[in-house]
Number of protein chains: 2
Amino acid sequence: MAENSSIEPSFTCGLDATLRIIAGKWKPLIVYFLSLSSNRYGELRRAVKGVSDKMLIQQLKELEADGIVHRHDYKEVPPRVDYTLTPLGRSLAGALAPLCAWGSDNMVEVGRVLAEREQWSREPADAQLPVA
Amino acid sequence: MAENSSIEPSFTCGLDATLRIIAGKWKPLIVYFLSLSSNRYGELRRAVKGVSDKMLIQQLKELEADGIVHRHDYKEVPPRVDYTLTPLGRSLAGALAPLCAWGSDNMVEVGRVLAEREQWSREPADAQLPVA
DNA sequence: CAGAATCCATAAAGATACTG
DNA sequence: CAGTATCTTTATGGATTCTG
């Protein structure tokens, strides 16, 4: 493999570039919730259901480094920090909106296929057929 | 935790539902390329740069099970199989389009931040500061 | 409140070799 | 051509404990 001397990632397409920024389980959700309202850390954590401190902080830091979110520390005690989208982040949130709408429009169908997935992942894979 | 008796996944929002379908490194790209043209397996593999057979097949199967893509096997020899989007898949591809556009519009900026990321991930993390 | 640090289990992804 | 199968590595995520 020698070394990858291509400094620029050279994306195959726009979508490829976008995915480098928001791929992952939490980032799209974080950006989306921040587009609804700037949020203090704790609120954001409650909004993004199921996320842990570790993941939320980690993803927020990456988004901050990537110029998507801005972190403001009020340096008060008890601590108060809030996160807002940068202009770049807001434009990204806009691009995310159709995905939200798609999910809403097709939620029933999505729910169905996911339920089926969980079924056969719950099956022992050798479900002994009942005597025939 | 007892057992999770909630059969329906109960999404927190539309975006959450969407992500259950296309989360991952490859699925958005697969759906996108299939929206440009239906593709034979080999062509798709070349289009989605860097994907392995294992991943491509795996993701295609899931997308098929989720009603996003349709697989047509011509049962010829040598084998010929092509993949197309279902109507649901086409609507999803439409929702993905703004993300493509965002990536294209901001490709330079995205390239910059990614290059920076790779820099400090290349650094030994204990770059001995030069004697002060 | 807003994190940081550590440990651990699992899932996603990659490499390689093989097949009808 | 269009996959399978197996193995290894890496990334993701969760639980817990700790701190200013």
Side-chain angles (χ1 to χ4, degrees), chain A residues 1-2 4 16 19-30 33-34 38-65 69-84 114 117-118 120-122 125, chain B residues 1-2 4 12 16 19-30 33-34 38-66 69-84 114 117-118 121-122 125-126:
Chain A
M1 287 110 193
N4 190 353
D16 184 27
L19 290 173
R20 310 285 182 110
I21 297 294
I22 43 136
K25 189 174 178 178
W26 303 112
K27 284 180 183 173
L29 257 9
I30 292 170
F33 283 117
L34 286 180
S38 75
N39 274 301
R40 294 187 53 173
Y41 177 82
E43 299 184 294
L44 191 53
R45 174 145 188 216
R46 278 184 292 280
V48 184
K49 292 272 180 72
V51 74
S52 66
D53 282 324
K54 178 193 166 186
M55 289 312 298
L56 184 52
I57 283 294
Q58 180 181 301
Q59 306 298 300
L60 281 170
K61 279 186 177 171
E62 290 183 17
L63 289 171
E64 194 189 355
V69 314
H70 177 251
R71 174 183 190 272
H72 183 65
D73 187 342
Y74 289 88
K75 297 181 189 297
E76 296 176 353
V77 41
R80 181 156 74 110
V81 174
D82 57 35
Y83 291 88
T84 56
L114 258 54
R117 264 205 230 170
E118 282 168 29
W120 58 251
S121 79
R122 190 196 324 278
Chain B
M1 285 115 193
N4 191 352
T12 60
D16 185 26
L19 290 173
R20 310 284 182 109
I21 296 295
I22 41 136
K25 191 172 178 179
W26 303 112
K27 283 180 183 172
L29 257 9
I30 292 171
F33 283 117
L34 286 180
S38 76
N39 274 300
R40 294 187 54 172
Y41 177 81
E43 298 183 295
L44 191 52
R45 176 148 186 213
R46 277 185 292 280
V48 184
K49 292 272 179 73
V51 75
S52 66
D53 282 325
K54 178 193 166 188
M55 290 311 298
L56 183 52
I57 282 295
Q58 181 180 302
Q59 305 298 300
L60 281 170
K61 281 185 176 171
E62 290 183 18
L63 288 171
E64 194 190 355
D66 292 350
V69 314
H70 176 251
R71 174 184 191 272
H72 182 65
D73 186 342
Y74 288 89
K75 297 181 187 299
E76 297 176 352
V77 42
R80 181 155 74 109
V81 174
D82 57 34
Y83 291 89
T84 55
L114 259 55
R117 263 205 230 169
E118 283 168 29
S121 78
R122 192 195 324 275
D126 65 312

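Lettering follows sequence order; numbering is per chain, from 1.
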How close or far is atom [atom2] of [N] from atom [atom1] of [X], stated in whole angstroms?
X       : N      : atom1 : atom2 : result
B:Gln58 : D:dA5  : CD    : P     : 13 Å
A:Glu62 : C:dG3  : CD    : P     : 15 Å
A:Asp53 : D:dT12 : CG    : P     : 18 Å
A:His72 : C:dC1  : NE2   : C1'   : 15 Å
A:Gln59 : D:dG14 : CD    : P     : 11 Å
A:Lys25 : D:dG14 : NZ    : C1'   : 10 Å
A:Arg20 : D:dA11 : CZ    : C1'   : 16 Å
A:Met55 : C:dA11 : CE    : C1'   : 13 Å

Can you figure out which of [options] approaches the side chain of [X] most closely?
X       : options               : answer
B:Tyr41 : C:dA13, D:dG20, D:dA2 : D:dA2
A:Pro78 : D:dG3, C:dC1, C:dG3   : C:dC1
A:Arg71 : C:dG3, D:dG20, D:dG13 : C:dG3
B:Lys61 : D:dT4, C:dC1, C:dG14  : D:dT4
A:Trp26 : C:dG3, D:dG13, D:dT4  : D:dG13

So [X], base contact, sugar-phosphate only, or nothing? Heavy-atom distance under 4.0 Å.
X       : value
B:Arg80 : sugar-phosphate
B:Tyr83 : sugar-phosphate
A:Arg40 : sugar-phosphate
B:Gly50 : nothing

- With nearest nucleotides of DNA chain D determined for A:Pro79 and A:Ser52 from heavy-atom distances, which residue corresponds to the more 5′ nucleotide?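 Looking at DNA chain D, the more 5' nearest nucleotide goes with A:Ser52.
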- Item | Nearest non-hydrogen partners of A:Lys75 and A:Asp73, listed with the distance |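 Heavy atoms of A:Lys75 and A:Asp73 come nearest at N-OD1, 2.7 Å.
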- Query: Sequence neighbours excluded, which residues qualify as side-chain contact (heavy atoms from CB on, under 4.5 Å) partners of B:Leu34?
  - Reply: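 Per chain and number, B:Leu34 pairs via side-chain contact (heavy atoms from CB on, under 4.5 Å) with B:Ile30, B:Asn39, B:Leu44, B:Val69, B:Tyr83, B:Leu85.
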- Report the distance from atom CZ of A:Arg71 to atom CG of A:Leu63, rounding to the nearest 0.5 Å.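 Going from the CZ atom of A:Arg71 to the CG atom of A:Leu63 covers 13.5 Å.
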- Are B:Leu19 and A:Lys25 side-chain neighbours, meaning at least one heavy-atom pair lies under 4.5 Å? no
- Can a donor-acceptor pair under 3.5 Å be found between the side-chain atoms of B:Lys54 and the base atoms of C:dA13?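 Answer is yes: a donor-acceptor pair is held.
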- Message: Using the side chain to side chain donor-acceptor pair (under 3.5 Å) criterion, which residues pair with B:Lys27? Sequence neighbours excluded.
- Response: B:Glu62
